[in-house]
Amino acid sequence: LDLVLVHWPGAAGLPPSSERHAGLRRETWAALERLSREGRARAIGVSNYGESHLRELLEYAEIRPTVNQIEIHPLHHPRDGVIAFCRAHGIQVQAYSSFGEGALLSERAAAAPATQTAARAVCTIAERLRNRGSGSSQASATPAAVLLAWARQHGYALIPKASSRERLAENFWAASGGLELGDEDMALLDGLTAQDGVGLPTTKFCWDSSAVA
């Protein structure tokens, strides 16, 4: 296998505050290390680990995690927390839910006001690039491509879902450098999430592991 991940820092059936989580995480990581030493996994990593979970892991890991797979999009972008920690310790950040479970692809799909505002910004960038880029690669800019380009330009590995071959090709094109956002557009998307009290509230669409002891 190319990559094996610990999907969640907690164990099913236990309350989030249970002290047993830490011991089970350690046992699980030891099992992944065995897979790595036996040549059955080329790389091992974690998913949904917060900074506290990673600090604990690095205290006993003989093989460091290659990847931490976490939810990342313009409404959830913990640059100064877990992302900074991963980069400081050579752990590749892999983004999932790049489209906010589809809510960031159109204003119609967004329910909450903050999500509608973010979706409007993404769609506006895509439309502007299409209008400006007639005859160039920008003419193919879609909201999905904008979100993937934003994440790629931040250095995150990407694993977007696709509902068709056409969408798969579009995702690959954007994720592999087919679309490049300018500094102004990157700054606009970066500024959506609250920084120093300014911006929209952080929004997670998937799991939140912050309560797992």
Side-chain angles (χ1 to χ4, degrees), residues 47-51 67-88 91-133 137-163 167-168 170-210:
S47 181
N48 298 299
Y49 269 45
E51 184 177 343
V67 168
N68 185 22
Q69 185 185 101
I70 56 176
E71 179 179 347
I72 297 177
H73 45 72
L75 278 184
H76 182 68
H77 191 205
R79 287 164 284 184
D80 298 327
V82 65
I83 290 173
F85 185 86
C86 286
R87 286 179 164 164
I91 301 170
Q92 173 65 54
V93 176
Q94 187 173 61
Y96 73 75
S97 191
S98 296
F99 308 143
E101 299 297 282
L104 298 179
L105 297 179
S106 74
E107 290 184 63
R108 292 189 302 274
T115 311
Q116 290 176 346
T117 299
R120 186 181 308 120
V122 172
C123 293
T124 298
I125 291 172
E127 183 178 8
R128 183 169 67 246
L129 290 174
R130 288 195 302 273
N131 292 339
R132 183 193 305 163
S137 62
Q138 291 184 343
S140 300
T142 63
V146 168
L147 288 165
L148 292 176
W150 171 84
R152 176 187 53 77
Q153 286 174 232
H154 273 296
Y156 308 134
L158 299 169
I159 49 170
K161 295 180 179 178
S163 59
R167 294 285 175 83
L168 181 64
E170 175 191 313
N171 290 347
F172 183 80
W173 167 75
S176 59
L179 181 66
E180 195 79 14
L181 301 183
D183 293 342
E184 180 181 341
D185 291 334
M186 289 293 291
L188 174 60
L189 295 178
D190 285 345
L192 288 175
T193 44
Q195 300 290 324
D196 299 323
V198 178
L200 300 173
T202 294
T203 302
K204 280 183 67 66
F205 297 93
C206 300
W207 306 279
D208 187 355
S209 66
S210 61

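Hydrogens, waters and symmetry mates play no part in the numbers below; they use all other heavy atoms, side chains included. We count residues from 1, following the sequence as given.
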Worked check of side chain to side chain contact (heavy atoms under 4.5 Å, CB included) between Leu147 and Leu105: CA-CA 9 Å; Leu147 288 165; Leu105 297 179; 3.9 Å; yes

Criterion side chain to side chain donor-acceptor pair (under 3.5 Å) on Asp190 and Trp150, from CA distance to verdict: CA-CA 9 Å; Asp190 285 345; Trp150 171 84; 2.8 Å; yes

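Within the model, atoms OG of Ser47 and CD1 of Ile70 stand 9.0 Å from one another, a figure rounded to the nearest 0.5 Å. To the nearest 0.5 Å, the span separating CG on Leu189 from NE2 on His154 amounts to 8.0 Å. Distance check, rounded to the nearest 0.5 Å: CD1 of Ile159 to CG of Asn171 gives 12.0 Å. Between the CD1 atom of Ile125 and the CG atom of Leu188 there is a distance of 4.5 Å, given to the nearest 0.5 Å. One distance of note links CG of Leu129 with OG1 of Thr142; it measures 10.0 Å at 0.5 Å rounding. One distance of note links CG of Leu75 with OG1 of Thr115; it measures 5.5 Å at 0.5 Å rounding.
Minimum heavy-atom separation, Cys206 to Glu101: SG-OE2, 3.5 Å. Across every non-hydrogen atom of Thr203 and His76, the tightest pair is O-CB, 3.4 Å. The shortest heavy-atom contact between Ala141 and Trp173 is N-CH2, 4.4 Å. Minimum interatomic distance between Pro143 and Cys123 (heavy atoms only, all atoms of both residues): CG-SG, 3.9 Å. In terms of heavy atoms, Val67 sits closest to Ile91 at C-CG2, 3.7 Å.
Under the ring-ring contact (aromatic ring centres under 6.0 Å, His included) criterion, Phe85 pairs with His89, sequence neighbours left out. Residues that satisfy the ring-ring contact (aromatic ring centres under 6.0 Å, His included) test with Tyr49, not counting sequence neighbours, are His53.
With respect to the salt-bridge test (charged N to carboxylate O, under 4.0 angstrom), the residues Glu180 and Arg152 qualify.
The backbone N or O of Ala144 lies less than 3.5 Å from no partner atom in the side chain of Arg167, so there is not a single donor-acceptor pair. Gln69 places no side-chain N or O within 3.5 Å of a backbone atom of Tyr96 that could act as its donor or acceptor partner. Between the Ser209 side chain and the Asn48 main chain, a donor and an acceptor come within less than 3.5 Å of each other. For Thr193 (side chain) and Thr202 (main-chain N/O), no donor-acceptor pair under 3.5 Å exists by modelled atom type. The main-chain N or O of Gly100 is never found under 3.5 Å from a side-chain atom of Glu71 such that the two would form a donor-acceptor pair.
With contacts defined as side-chain heavy-atom distances shorter than 4.5 Å, the pair Val82/Val93 does not qualify.
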